[in-house]
Number of protein chains: 2
Amino acid sequence: MTADKTLSLYFSLFNEIGIISQLSSALVNEQLPKGLSNAHFNVLIHLDRLGDGQTPLAISRAFQLPKTTMTHTLCGLETHQLIEMRPNPKDGRSKCVWLTQKGHAFRNKIINNLAPDLIKLSTQIPQDRILNTITGLAEIRKIMDANRED
Amino acid sequence: MTADKTLSLYFSLFNEIGIISQLSSALVNEQLPKGLSNAHFNVLIHLDRLGDGQTPLAISRAFQLPKTTMTHTLCGLETHQLIEMRPNPKDGRSKCVWLTQKGHAFRNKIINNLAPDLIKLSTQIPQDRILNTITGLAEIRKIMDANRED
DNA sequence: CTATAATGATTCGATATCGCACTAAACAAT
DNA sequence: ATTGTTTAGTGCGATATCGAATCATTATAG
């Protein structure tokens with residue numbers, strides 16, 4: 001295969017991915033109140049799924065974002081009382097991030113509001129298609145992630 | 001299929017997409033000089049592929065971005081002399097965006113610099129996998145795009 | 001034709017992202 | 001114990017994103 005063909009193939013891939021990323025962000029944003037963005041919601045999801053009590057640095061690494069960005073995002077979540085920042089008992093420099101009751105409830109509410117849109121999607125696209133696409137994406141993601149480090 | 005399963009399936013999908021979107025943006029950003037971002041580069045690509053002379057509004061719609069964002073991005077490109085903004089002969093309120101020689105050359109250079117990374121990827125992932133994934137993504141994107149309007 | 005509405009682009013203010021520099025705490029090496 | 005290095009988090013400045021309001025031009029209605 002020519003280099004040109006390869007390039008345009010991957011440009012197509014990344015173009016589709018970019019568009020869907022934007023569309024899915026829009027879906028979530030529609031459900032969020034003013035003052036809270038995708039960035040905030042993703043952190044809530046993350047803490048709920050993988051457990052809270054993590055440090056800000058660990059979270060910023062999980063999202064591969066600069067820690068200054070995470071400081072800002074966590075600050076917003078704390079202002080809205082969706083998380084609590086407590087000192088890290090194991091390291092005086094560090095903090096631990098905990099979901100509050102309100103944070104849990106908020107996450108659940110947003111996910112519930114999201115459900116109709118996603119369930120509608122699931123009626124429009126065969127499940128096999130989604131599963132196969134996820135499999136392909138996961139492979140691509142793993143390799144790109146591995147390449148990133150060298 | 002339960003609603004819960006459906007939700008987590010689509011969350012997985014969008015999660016993979018979000019990560020790859022971030023990784024591919026990073027690939028491009030590595031090749032861009034300070035002062036020019038993905039946003040700028042994507043506009044150059046767009047003008048080269050689909051033809052220049054478009055209005056700012058048309059471009060902002062193509063990317064589904066607010067027109068104020070596009071004003072800002074185009075302003076940056078103009079400062080770097082990668083595009084020219086000329087009055088629209090068909091509408092006194094409007095402008096047309098044209099690639100300069102420098103803009104063309106810049107696009108070509110960046111794409112060339114990007115090539116090694118993408119060609120490496122193409123040696124790591126079977127082409128069929130990429131093609132199938134693109135097909136799946138395109139279907140998902142089309143349906144989400146259509147849903148967006150109602 | 002004139003008055004009104006709609007449209008393309010910009011300005012402005014608010015928030016987000018991110019690199020750089022800084023502080024405080026922990027760790028490492030003697 | 002002391003000193004130098006590394007690490008966690010934050011403050012700050014630059015740029016990006018985006019909604020609301022504004023200005024100029026065009027389209028529409030009567």
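Computation of the quantities below employed the complete heavy-atom set of this structure, encompassing side-chain atoms and omitting hydrogens, waters and symmetry-equivalent molecules. Letters go in sequence order (proteins before strands), and every chain restarts at 1.
In this structure, S94(A) reaches the sugar-phosphate backbone alone: every heavy-atom distance under 4.0 Å involves primed, P, OP1 or OP2 atoms, never a base.
Look at CE on M85(A): it is 8 Å from P on dG9(D), rounded to the nearest Å. Between K67(B) atom NZ and dA24(D) atom C1' the separation is 12 Å, expressed in whole Å. Regarding K90(A), its NZ atom lies at a distance of 17 Å from the C1' atom of dA25(C), rounded to whole Å. Q22(A) places its CD atom 17 Å from the P atom of dA16(D), with the value rounded to the nearest Å. At whole-Å resolution of the value, CZ in F63(A) and C1' in dA16(C) are 15 Å apart. Across the protein-nucleic acid pair, L65(B) atom CG and dA16(D) atom C1' stand 11 Å apart, rounded to whole Å. Separating the NE2 atom of H72(B) from the P atom of dA14(C) is a distance of 17 Å, rounded to the nearest angstrom. The interatomic distance linking M70(A) (CE) with dC18(C) (P) rounds to 10 Å, in whole Å.
Comparing T68(A) and N88(B) by the nucleotide of DNA chain C that holds the closest heavy atom to each, the one mapping nearer the 5' end is N88(B).
Aromatic ring orientation, F63(B) versus H46(B): tilted (interplanar angle from 30° to 60°).
Put simply, K34(B) has no side-chain N or O that comes within less than 4.0 Å of OP1 or OP2 on dT15(D). For T71(A), a side-chain nitrogen or oxygen approaches OP1 or OP2 of dT10(D) to under 4.0 Å. For T69(B), a side-chain nitrogen or oxygen approaches OP1 or OP2 of dC18(D) to under 4.0 Å.
In the set dC18(C), dA16(C), dT10(D), dA16(C) carries the atom at the smallest distance from any side-chain atom of H40(A). Ranking dT17(D), dG9(D), dA16(C) by closeness to the S37(A) side chain, first place goes to dA16(C).
In this model, no donor atom of one side chain and acceptor atom of the other lie less than 3.5 Å apart for E30(B) and N113(B).
Looking at R141(A) and E139(A), no side-chain N of the basic residue comes within less than 4.0 Å of a carboxylate O on the acidic one, giving no salt bridge.
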Pair H40(B)-V43(B), side-chain contact (heavy atoms from CB on, under 4.5 Å): steps then yes or no: CA-CA 5 Å; H40(B) 301 107; V43(B) 170; over 6 Å; no
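Distance check: E78(B) CD to E84(B) CD gives 8.0 Å after rounding to the nearest 0.5 Å.
Atom NZ of K5(A) has 12 or fewer neighbouring heavy atoms from other residues, nucleotides or ligands inside a 6.0 Å radius.
Panel note: side chain T6(B), backbone I119(A); no donor-acceptor pair is recorded below 3.5 Å.
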Protein-nucleic acid N or O pairs under 3.5 Å, nucleotides 3-7 of chain C:
unit_1 : atom_1 : unit_2 : atom_2 : d
dT7(C) : O4'    : R93(B) : NH1    : 3.3
dT7(C) : O2     : R93(B) : NH1    : 2.8

